[in-house]
A.B. asks: 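Submitted below is the structure of interest, expressed as structure tokens.
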Amino acid sequence: MHVFAKCENFTAAADLRAAGLYPYFQRIEASHDTEVMIDGHRKVMIGSNNYMGLTHDPRILEAAKAALDKYGSGNTGSRFLNGNLDIHDQLEDELAAFVGKEAGLVFSTGYQTNLGTIGALVGRGDTVYLDKFDHACIQDGARLGFGDVQRFRHEDQDQLEHLLSSTREDRGKLIVVDGVYSMEGDIADLPAFTALAKKYDAGLIVDDAHSLGVLGPTGAGTAEHFGLTDEVDIITGTFSKSLASIGGFIGANAEIVDYLRNNARALIFSASIPPASVATVLKALEIIRTEPERRERLWTNTHKMMDGLRSIGFDIGPTGTPIVPIKIGPMNKTFQIWKVLFEEGVFTNPVVPPAVPEGSSCLRTSYMATHTDDQLDFVLETLERVGKQFGVV
Ligand SMILES: Cc1ncc(COP(=O)(O)O)c(C=O)c1O
């Protein structure tokens with residue numbers, strides 16, 4: 001069969017477009033943090049990972065502009081060669097201190113962070129253990145390594161223990177979990193994972209993409225939330241959510257960081273994040289550290305929405321964070337509800353197979369520190385009306 005036959009045979013997107021139900025690649029014409037303009041219409045954004053609501057903070061925009069003036073628009077190379085700025089190094093030091101680790105390493109995206117880190121660490125004599133709900137870039141990073149890949153059911157520590165105990169003792173072992181799962185919004189049971197890592201002498205990576213700024217007394221993430229920072233070997237994170245930019249990083253001990261600095265292909269063979277992005281993250285970090293009231297506001301908004309949605313009768317699953325999925329079930333019905341909400345001014349994200357199991361489609365909603373009560377009340381009223389219309393509540 002010709003290599004392009006799969007493209008000719010791919011009709012899923014065209015079928016949805018023909019039915020007027022294709023929800024992806026929406027063209028945003030203007031963005032004001034909690035609201036966006038699409039096709040001339042205002043939508044309340046409840047589909048963003050901008051948890052701290054910092055993407056339009058004037059202090060951040062100022063810092064980004066100053067960095068543009070000082071360093072230019074891009075670095076035109078990898079950090080390994082010509083693309084390493086003093087502010088990249090400064091950011092690594094500040095991030096490491098923030099998450100409570102000895103050293104930091106900044107990559108160009110969160111996706112590349114996991115590709116580079118896991119791909120470089122898992123060699124031929126090693127086995128990596130993944131939660132089935134781990135983010136795609138963790139799964140892809142494991143595929144890039146040369147070791148064995150084993151998967152356990154979501155949050156099933158018994159199955160993980162079975163896999164660990166049946167692995168030959170002399171193999172290197174690495175467990176990788178999300179701190180907060182990006183679709184369900186549930187928090188990984190780190191006390192159980194750190195205990196298993198210790199018992200079986202395995203390394204442990206926690207991906208804190210959705211936890212930074214959100215969890216822990218200072219917003220340092222899932223390990224801080226559980227008081228287990230020293231028990232987690234590597235904390236990975238991204239700048240594309242609470243930190244209002246693009247890029248990613250790890251925090252770990254100096255030996256691990258130095259090994260990855262010199263061996264992670266996704267770092268060495270890819271250009272570094274541009275100056276304006278680095279400056280954005282530095283300023284966002286400063287704001288997160290010095291304005292805990294933002295995190296409090298985020299949690300107030302999150303609890304308002306969790307309570308509101310549950311009392312209307314929606315099934316929102318086991319979420320414990322600002323990611324609040326609304327369970328619908330059938331894929332088509334999910335697209336239909338998404339569309340009515342969208343037309344009524346509410347921007348949500350439909351999540352369908354293969355991102356979730358067959359029959360478990362949902363609308364992923366997520367909240368920001370900067371959503372106003374008026375916006376959230378509007379969202380709740382609209383969701384209730386549309387939920388009733390479709391017999392979901
Ligand atoms: C858990 C998790 N890890 C990593 C990433 C990748 O981050 P980025 O989009 O910054 O590349 C994401 C993005 O959605 C994520 O949810």
Side-chain angles (χ1 to χ4, degrees), residues 24-25 45-52 54-55 91 95 99 104-119 121 128 130-144 151 154-155 174-188 190 193 204-215 221-223 225 232 234-251 260 264-267 270-274 276-278 280-281 284-285 319-325 348-351 354-356 362 364-368:
Y24 307 115
F25 295 93
M45 172 54 82
I46 56 162
S48 162
N49 301 304
N50 185 12
Y51 303 119
M52 303 306 277
L54 287 174
T55 51
L91 182 58
L95 285 165
V99 299
L105 187 61
V106 166
F107 291 71
S108 300
T109 65
Y111 188 94
Q112 282 172 264
T113 304
N114 279 320
L115 280 196
T117 301
I118 302 168
L121 285 174
V128 58
L130 308 181
D131 186 298
K132 282 194 175 157
F133 283 13
D134 276 349
H135 190 264
C137 59
I138 295 176
Q139 312 279 352
D140 294 353
R143 278 204 289 186
L144 275 185
R151 291 188 176 78
H154 180 47
E155 278 289 303
L174 179 68
I175 302 166
V176 191
V177 293
D178 285 11
V180 167
Y181 285 86
S182 55
M183 296 300 155
E184 293 286 316
D186 54 330
I187 304 173
L190 278 201
F193 286 115
L204 176 62
I205 298 183
V206 175
D207 179 339
D208 259 348
H210 296 277
S211 342
L212 288 175
V214 175
L215 287 184
T222 319
H225 169 77
V232 174
I234 304 180
I235 293 173
T236 77
T238 120
F239 306 152
S240 61
K241 305 178 194 322
S242 286
L243 291 162
S245 185
I246 187 155
F249 80 102
I250 69 158
L260 291 171
R265 291 166 67 84
L267 175 83
S270 186
S272 55
I273 50 170
S277 303
V278 183
T280 299
V281 181
L285 200 55
T319 178
T321 65
I323 300 169
V324 185
T348 62
N349 289 312
V351 181
V356 288
C362 66
R364 182 187 185 276
T365 73
S366 48
Y367 300 95
M368 305 180 203

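All ligand and atom numbering here is 1-based and tracks the order in the structure. Residue numbers count from 1 along this sequence. Keep in mind that what you see is a predicted model, and the values were worked out from it rather than measured.
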A.B. asks: Would you tell me whether Tyr51 and His210 have side-chain atoms, one donor and one acceptor, within less than 3.5 Å of each other?
C.D. replies: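 Tyr51 vs His210: donor-acceptor pair found between side chains.
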
A.B. asks: Drop me the distance from Ile118's CD1 to Arg143's CZ, to the nearest 0.5 angstrom.
C.D. replies: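 Between atom CD1 of Ile118 and atom CZ of Arg143 there are 12.5 Å.
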
A.B. asks: Pick one of side chain, backbone, both or neither for how Gln112 approaches ligand 1, counting any non-hydrogen atom pair under 4.0 Å.
C.D. replies: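 It is neither part, as no heavy atom is under 4.0 Å.
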
A.B. asks: So, does Thr238 use its side chain to make a donor-acceptor pair with the main chain of Ala209 at under 3.5 Å?
C.D. replies: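 A pair under 3.5 Å: no.
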
A.B. asks: Any sub-3.5 Å donor-acceptor pair from Asp140's side-chain atoms to Leu115's backbone N or O?
C.D. replies: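 Pair absent, no side-chain N/O of Asp140 close to backbone of Leu115.
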
A.B. asks: Below the 3.5 angstrom mark, is there an N/O of Ala209, backbone or side chain, next to an N/O of ligand 1?
C.D. replies: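 N/O-N/O distance under 3.5 Å: no.
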
A.B. asks: Quick check on Gly248 - does any of its heavy atoms sit under 4.0 Å from an atom of ligand 1?
C.D. replies: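 It does not; every heavy atom stays at 4.0 Å or beyond.
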
A.B. asks: Among all protein heavy atoms, pick out the one at the shortest distance from atom 13 (C) of ligand 1; state its residue, atom name and that distance to 0.1 Å.
C.D. replies: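 That would be Lys241 NZ, 2.9 Å.
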
A.B. asks: Looking at Tyr111, which atoms of ligand 1 are within less than 4.0 Å of one of its heavy atoms?
C.D. replies: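 Within the 4.0 Å cut-off of Tyr111, ligand 1 contributes 6 (C), 7 (O), 8 (P), 11 (O).
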
A.B. asks: Can you tell me if Arg151 uses its side chain to pair, donor with acceptor, with the backbone of Gln139 under 3.5 Å?
C.D. replies: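 A pair under 3.5 Å: no.
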
A.B. asks: Near His210, which atoms of ligand 1 are under 4.0 Å from a heavy atom of that residue?
C.D. replies: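 By the 4.0 Å cutoff, the relevant atoms are 1 (C), 15 (C), 16 (O).
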
A.B. asks: Using the ring of each side chain (for Trp, its six-membered ring), is His154 parallel, tilted or perpendicular to Tyr181, with breaks at 30° and 60°?
C.D. replies: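 His154 vs Tyr181 ring planes: perpendicular.
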
A.B. asks: Testing the basics here: between Ala142 and Val128, what is the closest heavy-atom pair and its distance to 0.1 Å?
C.D. replies: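 The answer is CB-CG1, 3.8 Å.
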
A.B. asks: To which protein heavy atom is atom 12 (C) of ligand 1 closest, and what is the distance rounded to 0.1 Å?
C.D. replies: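 Protein heavy atom at minimum distance: His135 NE2, 3.3 Å.
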
A.B. asks: Suppose we measure from atom 3 (N) of ligand 1 to each protein heavy atom; which comes out shortest, and what is that distance?
C.D. replies: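 Atom 3 (N) of ligand 1 sits closest to the protein heavy atom Asp207 OD2, 2.7 Å.
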
A.B. asks: Nearest to atom 9 (O) of ligand 1 by heavy atom, Ser245, Ser240, Gly247: which?
C.D. replies: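 Heavy atom nearest to atom 9 (O) of ligand 1 belongs to Ser240.
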
